[in-house]
Amino acid sequence: LQLIYTEDLQTAYHNIAACKIDEARVMKGQGLYNQALQHLQQAMAAMGDNAPKQQIESEMASWHSMNGDYEQAIRLYQGVLDKDPNNDAVLNNLAICYARLGDYARSLALQEQALRHNPHNPELLTNVATTYFRQGNYRQALQIIDNAAGQFRSKQGENSAAYAAALVNKAACLAMM
């Protein structure tokens, strides 16, 4: 009887948290970031030790980043990386936060760490090229964006928006040289 009660309670907590996460996503879509973050915090509290904390913290970090609070996003992403140091998506997002704060060296180090795990990821390559571009290293950016454009072309076809964005970045690099 105790086992059944414990499982039912865990299921109830999980359902409450799932509802809070869904509500947060709706609020995020409406631009209500602060309320959405509160719902995510409530989801973590409702689930206690059973919460998918990495997922929720990563989502919260993403929303902080979108809201321009890069320092808080960095703290949350770093917490996720402490538990999952090879998470390419989190490495990339953390790198973007550092780049937005102007810390391009740290951004590139994180992006290169992500590329060691996933060297042909066109999104990662595009972000590395963007970081080099922001540093004024246009030749390096051009070389990497060519690689990214080739990856997009082979994976998604020349009609993809990502491929078009890579070509726009390439044009910007050429214009600056």
Side-chain angles (χ1 to χ4, degrees), residues 21-22 24-31 33 36-37 40 52-177:
I21 292 169
D22 288 342
R25 288 183 177 140
V26 169
M27 290 176 174
K28 177 185 172 192
Q30 296 171 342
Y33 296 110
L37 287 168
L40 286 176
K53 289 184 180 174
Q54 291 177 350
Q55 175 190 356
I56 294 172
E57 287 175 349
S58 185
E59 193 140 349
M60 288 173 66
S62 171
W63 296 358
H64 278 292
S65 179
M66 289 173 61
N67 219 19
D69 186 358
Y70 302 117
E71 289 85 4
Q72 181 63 21
I74 287 169
R75 281 191 286 282
L76 289 165
Y77 281 136
Q78 194 59 58
V80 174
L81 276 183
D82 289 345
K83 298 170 196 106
D84 184 7
N86 296 324
N87 187 321
D88 294 341
V90 172
L91 285 166
N92 184 51
N93 291 337
L94 184 57
I96 290 169
C97 288
Y98 280 116
R100 294 215 172 115
L101 291 173
D103 189 344
Y104 298 119
R106 189 172 290 176
S107 177
L108 282 172
L110 290 163
Q111 290 167 337
E112 288 172 7
Q113 185 179 347
L115 282 172
R116 280 194 291 276
H117 304 126
N118 198 353
H120 303 292
N121 182 310
E123 289 87 3
L124 288 173
L125 290 167
T126 299
N127 289 339
V128 171
T130 300
T131 303
Y132 278 119
F133 183 84
R134 287 183 179 157
Q135 286 183 307
N137 191 342
Y138 305 120
R139 291 195 190 284
Q140 185 70 25
L142 181 60
Q143 183 180 25
I144 292 170
I145 205 65
D146 274 340
N147 187 0
Q151 296 298 324
F152 279 124
R153 188 174 49 245
S154 67
K155 288 185 178 193
Q156 300 170 347
E158 292 184 12
N159 294 324
S160 75
Y163 177 69
L167 292 179
V168 168
N169 287 341
K170 180 177 180 178
C173 289
L174 289 170
M176 298 303 288
M177 292 173 65

Trainee: Quick one: CD1 on Ile74 to CZ on Arg100, what's the gap to the nearest 0.5 Å?
Mentor: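 Here the rounded value is 11.0 Å.
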Trainee: For Gln111, which of Thr130, Thr131, Asp88, Asn127 qualifies under side chain to side chain donor-acceptor pair (under 3.5 Å)?
Mentor: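 The option that passes is Thr131.
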Trainee: Determine, stepwise, if the pair Arg134 / Ser107 fulfils side-chain contact (heavy atoms from CB on, under 4.5 Å).
Mentor: CA-CA 11 Å; Arg134 287 183 179 157; Ser107 177; over 6 Å; no
Trainee: Please give me the minimum heavy-atom distance between Ala99 and Tyr104, naming the atom from each residue.
Mentor: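 Smallest heavy-atom distance, with atoms named: O-CE2, 3.5 Å.
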Trainee: Check Ala36 against Trp63 and note the closest heavy-atom contact, atom names and distance.
Mentor: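 Where Ala36 meets Trp63 most closely, the heavy atoms are CB-CZ3, 3.2 Å.
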Trainee: Under the side-chain contact (heavy atoms from CB on, under 4.5 Å) rule, what do Leu125 and Ile145 come out as? Steps first, then yes or no, please.
Mentor: CA-CA 7 Å; Leu125 290 167; Ile145 205 65; over 6 Å; no
Trainee: With Val90, which of Val80, Leu110, Asp84 fulfils side chain to side chain contact (heavy atoms under 4.5 Å, CB included)?
Mentor: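 Testing Val90 for a side chain to side chain contact (heavy atoms under 4.5 Å, CB included) against Val80, Leu110, Asp84 leaves exactly one candidate, Val80.
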Trainee: What do the steps show when you test Leu94 against Leu81 for side-chain contact (heavy atoms from CB on, under 4.5 Å), and what is the final call?
Mentor: CA-CA 9 Å; Leu94 184 57; Leu81 276 183; 3.5 Å; yes
Trainee: Using every non-hydrogen atom in the two residues, find where Arg106 and Asp103 come nearest and quote the distance to one decimal.
Mentor: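 Heavy atoms only, the tightest pair is N-OD1, 3.2 Å.
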Trainee: Mind running side-chain contact (heavy atoms from CB on, under 4.5 Å) on Gln135 and Leu108 for me, showing each step along the way?
Mentor: CA-CA 11 Å; Gln135 286 183 307; Leu108 282 172; 3.3 Å; yes
Trainee: If you compare all heavy atoms of Pro85 against all heavy atoms of Leu91, which two are closest, and at what distance to 0.1 Å?
Mentor: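 Answer, listing the atom of Pro85 first, then Leu91: O-CD1, 3.9 Å.
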Trainee: Indicate whether the side chain of Arg75 and that of Gln78 have a donor and an acceptor atom separated by less than 3.5 Å.
Mentor: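 The criterion, which ignores hydrogens and geometry beyond distance, is not satisfied for Gln78 and Arg75.
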Trainee: Give, for atom CG of Asn67 and atom NE2 of His64, the distance between the pair rounded to the nearest 0.5 Å.
Mentor: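 Asn67 atom CG to His64 atom NE2 measures 8.0 Å (nearest 0.5 Å).
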Trainee: Of the non-hydrogen atoms in Cys97 and Tyr77, which two are nearest, and what is the gap between them?
Mentor: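 Where Cys97 meets Tyr77 most closely, the heavy atoms are SG-CE1, 3.9 Å.
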Trainee: Less than 4.5 Å apart, any side-chain heavy atom of Asp69 and any of Glu71?
Mentor: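 Side chain of Asp69 against side chain of Glu71, heavy atoms only: contact under 4.5 Å found.
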Trainee: How long is the gap from CD on Gln72 to CE on Met60, to the nearest 0.5 Å?
Mentor: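 Reported value, rounded in 0.5 Å steps: 7.0 Å.
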Trainee: Indicate the atoms forming the closest heavy-atom contact of Asn121 with Leu124, along with that distance.
Mentor: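 In terms of heavy atoms, the two residues are closest at OD1-N, 3.0 Å.
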